[in-house]
Number of protein chains: 2
Amino acid sequence: MTTLAQTKKTGNIRAQSQHKILIAASTEFVLQGYKGATVQSIADRAELPKANILYYFKNKENIYQAVLEHTLEMWDEGIGDIDPSEGPKAAIEKFIDAKVRMSFNYPEASKIYAMEIIQGAQHLKEFARTYQRKWVREKAKLFQQWIDNGEMANVDPVHLIFLIWSSTQHYADFETQILTIMNRADYEEDDVETVINFLTDLILRGCGLK
Amino acid sequence: MTTLAQTKKTGNIRAQSQHKILIAASTEFVLQGYKGATVQSIADRAELPKANILYYFKNKENIYQAVLEHTLEMWDEGIGDIDPSEGPKAAIEKFIDAKVRMSFNYPEASKIYAMEIIQGAQHLKEFARTYQRKWVREKAKLFQQWIDNGEMANVDPVHLIFLIWSSTQHYADFETQILTIMNRADYEEDDVETVINFLTDLILRGCGLK
DNA sequence: CTAAAAACTTACTATTTGGTCAACATTTAT
DNA sequence: ATAAATGTTGACCAAATAGTAAGTTTTTAG
């Protein structure tokens, strides 16, 4: 996360503090929810006085908005794009791979986003919503062409995207439950690969690509 | 929801009030989260004075516990059991069918549960967790036998359960996002069947059962 | 009909919390 | 070096909230 530029260079006290606050706030929002996360608890976690938090962010709502934006940016970068020329098999493989790695590497981002949606996307700005609609529509069209060309089985592309979305995200959002069921304390190195292999295998076969 | 018995028969003012409170509380907890849902907001939604709420439930934590219990009970009834004699195809079909219908008919239950898990299952009692572990282990064993008998493809049974779990639950939890993407205001009658057909088709094929 | 039990309600309190403010400290540019 | 800009902080406040106490009304059982 922390890249070279922001590590020490003078003049970016602001950037450093804001970053520290965002990280702490993310954790608090996941653990306690929007209302349950207090400015004080965020301050404690960031090891800064409360008034300092409110010097950098006008109010709690603004902190949350910043967290949401940060989350969506990361998400967007991480997912990458589907290259129409590569065909359905590679496209699905890459999509699953990227999403599973995101889930395991940034579970908090996934959780914050999930909670926001479950609660009705009350804080999510309109542009973020329409952006997603466009994204899904565009990718679905691509899959539909492959289907029409007989390159894969006739499965509804939109629901296929939902399936990949949900099954991958699940490992982040339901981490607690999954670990309980597996009787483990934490995920381990191999788990990422296991999940990628399992999902890729089953979904490709489900799409008639194996 | 409201069954015959509790509709009027005298002597169950308590049951009726508690039920009304539980329904209102469920909605509030989904919309505002645990901390964000206030006793007053629950009271308003239930159309009862706040003190009356606290007459029936000692405190907010107790209301939430009751909501969680109620949710898990419903869930448990709705899912039904897998009959070992029916084979993998029927088992998966029935499981998907039940879970999708639950998601569409009781999205709130699914949402409350999802939020609880995402936030680390802080309020969920130990017995509920171990119960789930047992459930999954038991079903997984069944699938494993079918695999060993060559009745279905060699897919990890535990991850298969996770996949069905997540992909079905998604239609409840991410309702808001799905509707936005589909550019719709509400789910419609046909949607349940469409989803069941899509998921059953893809997953069965993914398991080498088609 | 009556008395006990259950249900309901009003008024209040202690605590928590988001946010402000004014003073103080440090950093930056000239 | 110095002043302007930026950053830091403790003290404070008004509003919101969970929960209580103590009384009144309604329901139930004999």
Side-chain angles (χ1 to χ4, degrees), chain A residues 2 5-68 112 116 119 122-123, chain B residues 2 5-68 112 116 119 122-123:
Chain A
T2 41
Q6 65 208 151
T7 317
K8 245 312 135 57
K9 216 175 99 189
T10 61
N12 57 4
I13 297 178
R14 187 171 205 89
Q16 274 184 264
S17 290
Q18 285 184 327
H19 189 253
K20 214 155 80 167
I21 294 167
L22 245 52
I23 300 303
S26 298
T27 306
E28 281 302 311
F29 284 130
V30 168
L31 253 34
Q32 312 295 341
Y34 176 75
K35 198 65 192 297
T38 69
V39 179
Q40 187 62 62
S41 71
I42 294 169
D44 290 347
R45 192 174 288 271
E47 294 180 290
L48 290 172
K50 187 180 79 159
N52 202 345
I53 306 285
L54 290 163
Y55 168 70
Y56 284 112
F57 294 92
K58 199 170 211 72
N59 52 40
K60 191 165 116 174
E61 173 69 26
N62 279 6
I63 305 177
Y64 186 66
Q65 284 293 339
V67 167
L68 267 187
I112 286 172
E116 173 64 18
Q119 300 202 347
Q122 294 169 339
H123 304 262
Chain B
T2 41
Q6 63 209 152
T7 317
K8 247 308 132 63
K9 217 175 100 190
T10 61
N12 58 2
I13 297 178
R14 186 169 207 92
Q16 274 184 265
S17 290
Q18 284 184 327
H19 188 252
K20 217 157 76 169
I21 294 167
L22 246 53
I23 300 302
S26 299
T27 306
E28 281 302 310
F29 284 129
V30 169
L31 254 34
Q32 312 295 342
Y34 176 74
K35 198 68 192 293
T38 68
V39 179
Q40 186 63 60
S41 71
I42 294 169
D44 290 348
R45 191 174 287 273
E47 295 183 287
L48 290 171
K50 186 181 79 158
N52 202 344
I53 306 286
L54 290 162
Y55 167 69
Y56 283 112
F57 294 91
K58 198 172 211 71
N59 52 40
K60 193 164 114 173
E61 173 69 27
N62 278 4
I63 304 176
Y64 186 66
Q65 284 294 338
V67 166
L68 267 187
I112 286 171
E116 174 65 18
Q119 300 203 347
Q122 294 170 340
H123 304 262

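Protein chains get the first letters and strands the later ones, always in sequence-line order, with residue 1 at the start of each. For the numbers below, each heavy atom of this structure counts, side chains included, while hydrogens, waters and symmetry mates do not.
- Residue pairs meeting the salt bridge (charged side-chain N to carboxylate O under 4.0 Å, His left out) criterion with at least one member in residues 15-27 of chain B: none, sequence neighbours excluded.
- For the pair A/Phe57 CZ and C/dT20 P, the computed distance is 15 Å after rounding to whole Å.
- For D/dG7, the OP1/OP2 oxygens have a side-chain nitrogen or oxygen of A/Arg14 closer than 4.0 Å.
- With rounding to the nearest 0.5 Å, the separation of CD1 in B/Ile23 from NE2 in B/His19 is 4.0 Å.
- Taking atom CG of residue A/Leu54 and atom C1' of nucleotide D/dC12, one finds them 14 Å apart after rounding to whole Å.
- Atoms CZ and CG, from B/Phe29 and B/Leu68 in turn, are 8.5 Å apart once rounded to the nearest 0.5 Å.
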Identify all side-chain donor-acceptor contacts of residues 44-57 of chain A below 3.5 Å with residues at least two apart in sequence or on another chain.
{"unit_1": "A/Asp44", "atom_1": "OD1", "unit_2": "A/Gln40", "atom_2": "NE2", "d": "3.0"}
{"unit_1": "A/Arg45", "atom_1": "NE", "unit_2": "A/Glu28", "atom_2": "OE2", "d": "2.7"}
{"unit_1": "A/Arg45", "atom_1": "NH2", "unit_2": "A/Glu28", "atom_2": "OE2", "d": "2.9"}

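- Look at OH on A/Tyr64: it is 15 Å from P on C/dG18, rounded to the nearest Å.
- One can place NZ of A/Lys58 at 11 Å from P of C/dC21, the figure rounded to the nearest angstrom.
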message = So if I define the base as every atom that isn't primed, P, OP1 or OP2, how would nucleotides 9-15 of chain C read as a B/S/- string at a heavy-atom cutoff under 4.0 Å?
response = BB-----
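- Atom C1' of nucleotide C/dT17 and atom CG of A/Asn59 are separated by 14 Å, given to the nearest angstrom.
- Within the model, atoms OG of B/Ser26 and CD1 of B/Ile21 stand 11.5 Å from one another, a figure rounded to the nearest 0.5 Å.
- Residue B/Ala24 comes nearest to B/Ile42 through the heavy atom pair CB-O, 3.8 Å, listed as atom of the first residue, atom of the second, then distance.
- Residue pairs meeting the salt bridge (charged side-chain N to carboxylate O under 4.0 Å, His left out) criterion with at least one member in residues 29-38 of chain B, sequence neighbours excluded, do not occur.
- Listed by residue number, B/Lys35 are the residues of residues 32-45 of chain B with a heavy-atom contact under 4.0 Å to DNA chain C.
- If you measure from atom CD of B/Glu61 to atom P of D/dG19, you get 9 Å, rounded to the nearest angstrom.
- Going from atom NZ of A/Lys60 over to atom P of C/dT20 covers 14 Å, rounded to whole Å.
- Summarising the geometry, the separation between CD on B/Gln18 and P on C/dA6 is reported as 13 Å, rounded to the nearest angstrom.
- Put simply, A/Tyr56 has no side-chain N or O that comes within less than 4.0 Å of OP1 or OP2 on D/dT6.
- Distance alone, capped at 3.5 Å, places no donor-acceptor pair between the A/Gln32 side chain and the A/Thr38 backbone.
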task = Show the numbers, then the answer: is there a side chain to side chain donor-acceptor pair (under 3.5 Å) between B/Glu61 and B/Tyr34?
result = CA-CA 9 Å; B/Glu61 173 69 27; B/Tyr34 176 74; 3.3 Å; yes
